[in-house]
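What follows is a single structure, written as structure tokens, with notes after it.
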4 protein chains.
Amino acid sequence: MDKKELIRQSAAEVFSKEGYYSTTVKMIAAEANIAVGTIYIYFKTKEEILDYIFDVEHNKRIQYFEGLQEHSLGIIEVIESFLDYHFNELQENPSISKVLVQEDLSPLMSKTKNMRTYSSKLPDMLAEMLKKAQENGQIGNIDAPIVARLIFQLIKGSVYISQEKKEVNWQNEVKSQIISLITKGIQN
Amino acid sequence: MDKKELIRQSAAEVFSKEGYYSTTVKMIAAEANIAVGTIYIYFKTKEEILDYIFDVEHNKRIQYFEGLQEHSLGIIEVIESFLDYHFNELQENPSISKVLVQEDLSPLMSKTKNMRTYSSKLPDMLAEMLKKAQENGQIGNIDAPIVARLIFQLIKGSVYISQEKKEVNWQNEVKSQIISLITKGIQN
Amino acid sequence: MDKKELIRQSAAEVFSKEGYYSTTVKMIAAEANIAVGTIYIYFKTKEEILDYIFDVEHNKRIQYFEGLQEHSLGIIEVIESFLDYHFNELQENPSISKVLVQEDLSPLMSKTKNMRTYSSKLPDMLAEMLKKAQENGQIGNIDAPIVARLIFQLIKGSVYISQEKKEVNWQNEVKSQIISLITKGIQN
Amino acid sequence: MDKKELIRQSAAEVFSKEGYYSTTVKMIAAEANIAVGTIYIYFKTKEEILDYIFDVEHNKRIQYFEGLQEHSLGIIEVIESFLDYHFNELQENPSISKVLVQEDLSPLMSKTKNMRTYSSKLPDMLAEMLKKAQENGQIGNIDAPIVARLIFQLIKGSVYISQEKKEVNWQNEVKSQIISLITKGIQN
DNA sequence: TATGAATGAGTTTTCATTCAT
DNA sequence: GATGAATGAAAACTCATTCAT
């Protein structure tokens, strides 16, 4: 397997369990079954690993989002689709999702470029879509940029809420409640 | 002024600017104009300071919440009141609010007992109120515990969204959009 | 004893035995019987310790030199005096003298500011004195700046030559040969 | 070109710019356009490369010196010849000369055998010649071993002095001042 | 021979915590 | 109680050296 990829996944695994700051590079190396030095062949600093995790995941989401736009779906369906994607990822890659949410929610914590860049790109894309839906009369009179951000807060928050109970039913319930809240919330 | 209180506020100030892990005890001492050693008279560890910040703030909020219950307000008014309280705090004590949200959102990150305890207490209280409102027919058919949690995610998220622009108008707009989203979202 | 002074001397001791690069901060701490961390209270980096050693020693020499100028001595006496001072230091503080010479001779090695600044100041002062002596007809037709530098090379070199044999007689002989070489060398 | 020779020159190039300790084996490999592993086919350790540079250069000088002896020149001419050789090398192979002088001047720094061996061999040969010249009455009453060493200090020092200005004139002036200083210095 | 990814011991530096004053 | 110098464990990161290809 590609070493960089191995490191990315191992790092996410440990970050999600311990948090970025409590994770040592040695831990990541142990998780990946490689030597510390090897990590530094692929990444200049520990922070760069976190950056890379964001890079990859955000790009995946942005691409997914862009893909959605081509299908001329209603705004509700778009949000629903994205939530599906999100919950799917959460189940398949719980560690990476957790890292993504965890660190993204503390923008004050890290000064990394990537994190800042991405953390507004996705909401901005959604805002754009909300605006169009508004012009089409699909949804009510809302402040698109703010509501877009609120929606992402709900999506991110779902990671924590999901964690409280492990049952699949709970996760589905969380998703359906978010959908319901948003659907009704953006109507006129 | 009470030393413990001085430390709490100074710590919150620095935590909010630098994040918990990047803050050194020396920085807190400098901010408080006292010696490092003094901090260790009032707190056993650095983590205990963070704990204490949570302790105080959560208690304030819980008390405020309990106070609200006595006034037999409608659920929407309760939420609105709490949001008022929250945004007021955000303006008066931006640093403490930021710390509260920042570190609370990463339950995975810190192993502190207090934080875990509190982070579900407030949602549980709100869930209780939502349930009653539901029984009264005030609101629609929702999953109270989940929705309560989602509402708190929105409140927490508002700290970040508020930060994007400094204007008071923006803050008011954020608040009103949250209210609107929730109000419509929990109707039948 | 002053801690900074203790560190300076301990560092010089180890540097002189092992060389700057082969010396670890742990070694310095061990030599000084203190903890590594203590060193970092007084110095920001390992390099700063070297810098400080230079700072102190060069300043001593510059002051000594300036003191000599007030006594309106002949140029030969000045050089002789400085050599006396130099050999005296060499005997009393062999480690510091060695470090001084060792690292000063490798200007390419360290990019430190102090070292560069000082390493030409002393020769420049001597050049000035040589020039005046020349104008007075005390000495012959030489290129003052170059000869000043050559004289310092001889002085520095004497540290190594002195090391070959430990006998005091050898050291005296080295000194007297340097004096003789210079005295005759700068005559007409 | 011979690989070992290529490595020697590339290493000298980098050593002269960065100093021995700040040079990594990777840098040498990059300079030579070969792989790190290749270096370890020809040299067992990094130190051995430095050793080899000394080896080659000292041998060149010793051979040159031995060649001089066959021409039954006067001592002054011998020194002058050697200086010519030295300054010529300095212009043609500045990097190697710098390394030679830089690292050789710190016998305390490296524990290498070769360096120690050579650093006294050349002075010893010169001392021998001085002694004979003394017996012939060519020069005055000096301490041959010491003066021989002082002469080499001047030669080595010239590398640094030469560096201060790039003009050829300056280099010539340095050489002529050294000759003059020695010539007059060893007369009776 | 030649390669360069992998190794891990060893380095500098930081910082929570202690304790003599 | 208050101080802040001292501590040393632990962190991030480096780099000479090895070895499978």
Side-chain angles (χ1 to χ4, degrees), chain A residues 2-4 6-7 18 20-30 32-49, chain B residues 2-4 6-7 18 20-30 32-50, chain C residues 2-4 6-7 20-30 32-49, chain D residues 2-4 6-7 20-30 32-50:
Chain A
D2 180 27
K3 276 280 160 62
K4 196 168 183 182
L6 170 67
I7 295 167
E18 308 285 339
Y20 176 74
Y21 279 102
S22 299
T23 296
T24 69
V25 179
K26 251 189 176 161
M27 284 177 188
I28 300 173
N33 266 317
I34 57 175
V36 254
T38 307
I39 291 177
Y40 285 91
I41 295 173
Y42 299 92
F43 297 95
K44 257 202 286 298
T45 62
K46 179 185 161 190
E47 202 179 358
E48 217 177 60
I49 306 174
Chain B
D2 179 26
K3 276 277 164 65
K4 196 168 181 181
L6 170 66
I7 295 167
E18 309 285 338
Y20 175 74
Y21 280 99
S22 299
T23 296
T24 69
V25 179
K26 254 192 174 157
M27 284 176 186
I28 301 173
N33 267 316
I34 58 175
V36 258
T38 309
I39 290 177
Y40 283 87
I41 295 170
Y42 298 92
F43 296 93
K44 254 203 286 298
T45 64
K46 178 185 164 190
E47 201 176 2
E48 217 177 59
I49 305 174
L50 184 59
Chain C
D2 178 28
K3 274 283 159 63
K4 195 169 182 180
L6 169 66
I7 295 167
Y20 175 74
Y21 280 102
S22 299
T23 297
T24 69
V25 179
K26 247 188 178 164
M27 285 176 187
I28 301 173
N33 264 318
I34 57 175
V36 256
T38 308
I39 291 177
Y40 284 89
I41 296 172
Y42 298 92
F43 297 93
K44 257 199 287 296
T45 62
K46 179 185 162 190
E47 200 178 358
E48 217 178 60
I49 305 174
Chain D
D2 181 24
K3 276 276 163 69
K4 195 168 184 181
L6 170 66
I7 295 168
Y20 174 74
Y21 279 100
S22 299
T23 295
T24 68
V25 179
K26 253 193 176 157
M27 284 176 187
I28 301 173
N33 267 316
I34 57 175
V36 259
T38 308
I39 290 177
Y40 282 87
I41 295 170
Y42 298 93
F43 296 94
K44 253 203 286 300
T45 64
K46 178 185 164 190
E47 202 176 2
E48 215 176 62
I49 306 174
L50 184 59

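Within every chain, numbering begins at 1; the chains are lettered A, B, ... in the order of the sequence lines, protein sequences first and strands thereafter.
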Given atom CZ of B/F43 and atom P of F/dA2, what is their separation to the nearest angstrom? 13 Å

In whole Å, what is the span from the CD1 atom of C/I49 to the P atom of E/dT12? 9 Å

Determine which nucleotide pairs with E/dA20, using a 3.5 Å limit on both distances of a Watson-Crick or G-U wobble pair. F/dT3

Are B/T38 and F/dT3 close enough that a side-chain N or O sits under 4.0 Å from OP1 or OP2? yes

Using a 4.0 Å heavy-atom cut-off, does B/Y42 contact any base of the nucleic acid, only the sugar-phosphate backbone, or nothing at all? sugar-phosphate

Go through A/I34 and A/I7 one step at a time and tell me if the side chain to side chain contact (heavy atoms under 4.5 Å, CB included) criterion holds. CA-CA 9 Å; A/I34 57 175; A/I7 295 167; 3.8 Å; yes

Please name the pair of heavy atoms, one in A/A29 and one in A/V36, separated by the smallest distance, quoted to 0.1 Å. CB-N, 3.8 Å

Counting only side-chain heavy atoms from C-beta out, which of F/dT7, E/dT13, E/dT1 sits nearest to C/K46? E/dT13

Side chain of A/K4, backbone of A/F43: donor and acceptor closer than 3.5 Å? no

Exam field: side chain C/Y21 to backbone D/S22, donor-acceptor pair closer than 3.5 Å: no

Nearest whole angstrom, please: distance from the P of F/dA16 to the OH of C/Y21. 12 Å

Of B/I41 and D/T45, whose closest DNA chain F nucleotide lies nearer the 5' terminus? B/I41

Sorted by position of nearest nucleotide on DNA chain E, 5' first, the leading residue of A/N33 and D/I39 is D/I39

Under a 3.5 Å cut-off for both distances, is F/dA10 Watson-Crick or wobble paired, and to whom? E/dT13

Atom pair distance, as rounded to whole Å: CE in C/M27 and P in E/dG10: 11 Å

Whether the side chain of D/Y42 engages the backbone of D/I49 through a donor-acceptor N/O pair (distance < 3.5 Å, no angle test) should be reported. no

Taken to the nearest whole Å, NZ/D/K26 to C1'/E/dT7 is 12 Å

For D/I34 and B/V36, take the nucleotide of DNA chain E holding the closest heavy atom to each; which residue's nucleotide lies nearer the 5' end? D/I34

Separation of atom NZ in A/K4 from atom P in E/dA6, rounded to whole Å: 13 Å

Atom pair distance, as rounded to whole Å: CD in A/E47 and P in F/dA11: 18 Å

Pick base, sugar-phosphate or nothing for C/K3, based on heavy-atom distances below 4.0 Å to the nucleic acid. sugar-phosphate

Start at the 5' end of DNA chain F and walk down; is the nucleotide closest to B/A35 or to A/V25 reached first? B/A35

Per atom distances to the D/Y40 side chain, the nearest of F/dT7, F/dT17, F/dA5 is F/dT17

